[in-house]
Amino acid sequence: MNFQRGWLVPDKAAIFVVGDTTMAQLKPLLDERFGKWPSNRMARPQKNFDAAPLAPSATKIYLADRPQSPQSVIAGGHVLSITGKDPSVLVLNQANAVLGGNFLSRLNMDLRETKGWSYGVRSAVQSFENRVPFIITAPVQADRTGDSVKALLDDVKLFLGTQGVTAEELERTTNNSVRQLPGQFETSDAIMTAMQRIVYMKRPDNYYETLAGQYQKMTAKDLDAAIRAAVDPSKFAIVVVGDAAKVKPQLDKLGIPVEQVELPASK
């Protein structure tokens, strides 16, 4: 009840509407349903993101045992030092598209198409309002778990080092981002999401109208600089869920600390 009284209050509410209607039609209906919503004089709680996120000082693997699993699931990354409202997130997302954000990305083409150890690998920059995590996810065959962790780290390090974005990758990523824009607003729900992100991220109302131009201005150097400044593979927390009897000996050979953790008992 205290949570409800503190957070679910009219002066914190925002109402978004998408559909075949007008403000003149909506306002009487909103006034009828919400016009008498009582406020209170309690001090409003505030979200506090000052505390540093928990993270290993150097790359570490956390292994959860799932006996007889034919594949392992790998999830690795860290929380970035930027917020979702930072303009650099847009450039960072373009760089991530090259690294692991789509089917033709470096990570997916290596582990799926070249090595054949995974059905699909993805990395993502999750643009929340405050904390922004960078996460790589890779389901892989159990007998290649250790090799896959090494390959993922090697691929990221090369991408952040001497093998940055190529001209071909820049052109493909830019064209993909620009050409998919119209299809992103085909439904009312999609428009609603865009409206909400404009408000929550404090973006200008014409933000989405400017995206094509912003994408087309980006250079390979811009993408390289953005991801090199944000992502640090030497501080990844890597979670592996798999058959520990098969997987742990592979991981121990990598020279990375491994901590085995217990999965919660199923009810």
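Please read all numbers here as calculations on a predicted model, not as lab measurements.
Panel note: side chain Asp65, backbone Ala244; a donor-acceptor pair is recorded below 3.5 Å. With Thr210 contributing its side chain and Tyr207 its backbone, the two residues share a donor-acceptor pair below 3.5 Å. Counting only distance, with no hydrogens or angles, the side chain of Asn130 and the backbone of Thr83 share no donor-acceptor pair below 3.5 Å. Gln94 places no side-chain N or O within 3.5 Å of a backbone atom of Val91 that could act as its donor or acceptor partner. A donor-acceptor contact shorter than 3.5 Å is absent between the side chain of Gln4 and the backbone of Val9. Between the side chain of Gln250 and the backbone N or O of Thr145, at least one donor-acceptor pair lies under 3.5 Å. In this structure a side-chain-to-backbone donor-acceptor pair under 3.5 Å is present from Thr22 to Gln25. Panel note: side chain Asn93, backbone Val89; a donor-acceptor pair is recorded below 3.5 Å. Using modelled atom types, one side-chain atom of Asn102 and one backbone atom of Ser105 make a donor-acceptor pair closer than 3.5 Å. No donor-acceptor distance shorter than 3.5 angstrom exists from the side chain of Thr174 to the backbone of Glu171, with no hydrogens or angles considered.
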Going by atom type alone, with no hydrogens or angles, which donor-acceptor pairs under 3.5 Å involve a side-chain atom of residues 30-39 and a protein atom two or more places apart or on another chain?
unit_1, atom_1, unit_2, atom_2, d
Asp31, OD2, Lys27, NZ, 3.1
Ser39, OG, Arg44, NH2, 3.1

Anything under 3.5 Å between a donor and an acceptor, one on a side chain of residues 115-123, the other on a protein residue two or more places apart or in another chain? List them.
unit_1, atom_1, unit_2, atom_2, d
Lys115, NZ, Asp110, OD1, 2.5
Lys115, NZ, Asp110, OD2, 3.1
Trp117, NE1, Lys115, O, 3.4
Ser118, OG, Gly120, N, 3.0
Ser118, OG, Gly120, O, 3.2
Ser118, OG, Pro139, O, 2.6
Ser123, OG, Asn96, OD1, 2.5
Ser123, OG, Gly100, N, 3.4

Could you tabulate the donor-acceptor pairs under 3.5 Å formed by side-chain atoms of residues 185-203, not counting sequence neighbours?
unit_1, atom_1, unit_2, atom_2, d
Thr187, OG1, Ala190, N, 3.1
Thr193, OG1, Asp189, O, 3.1
Arg197, NH2, Ser127, O, 2.8

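The minimum heavy-atom distance between Pro233 and Lys157, with the atom names listed, is CG-CG, 3.9 Å. Minimum heavy-atom separation, Gly164 to Asp224: CA-OD1, 3.5 Å. In terms of heavy-atom proximity, Gln126 sits nearest to Val132 at O-CG1, 3.5 Å. In this structure, Leu251 and Gly146 approach most closely via the heavy-atom pair CD2-CA, 4.1 Å.
Arg106 places a side-chain heavy atom less than 4.5 Å from the side chain of Gln163. Residues Arg172 and Asn176 form no side-chain contact, since every pair of their non-hydrogen atoms from C-beta on lies 4.5 Å or further apart. Using a 4.5 Å heavy-atom cutoff, the side chains of Ser88 and Ile82 are in contact. Annotation: side chain of Ile238 is not in contact with side chain of Lys60 (no heavy-atom distance under 4.5 Å). A heavy-atom distance below 4.5 Å is not found between the side chains of Ile61 and Glu259. With a 4.5 Å cut-off on side-chain heavy atoms, Leu152 and Val156 do not count as touching. Considering only heavy atoms from C-beta on, Leu211 comes within 4.5 Å of Leu90 through its side chain.
Residues satisfying the side chain to side chain donor-acceptor pair (under 3.5 Å) test with Arg112, not counting sequence neighbours, are none.
For Glu129, the CD atom counts as densely surrounded, since its 6.0 Å shell holds more than 12 non-hydrogen atoms of other residues, nucleotides or ligands. More than 12 heavy atoms of other residues, nucleotides or ligands shown are found within 6.0 angstrom of CD on Gln180.
Grouped by direct or indirect side-chain proximity (heavy atoms under 4.5 Å, Ile/Leu/Val/Met/Phe/Trp/Tyr only), Trp7 sits with Phe3.
Among residue pairs with one or both ends in residues 53-91, those qualifying as ring-ring contact (aromatic ring centres under 6.0 Å, His included) are His78-Phe236; sequence neighbours excluded.
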Given Asp147 and Arg144, is the salt bridge (Lys or Arg N to Asp or Glu O under 4.0 Å) satisfied, shown in steps? CA-CA 5 Å; Asp147 292 334; Arg144 290 293 189 174; 2.7 Å; yes
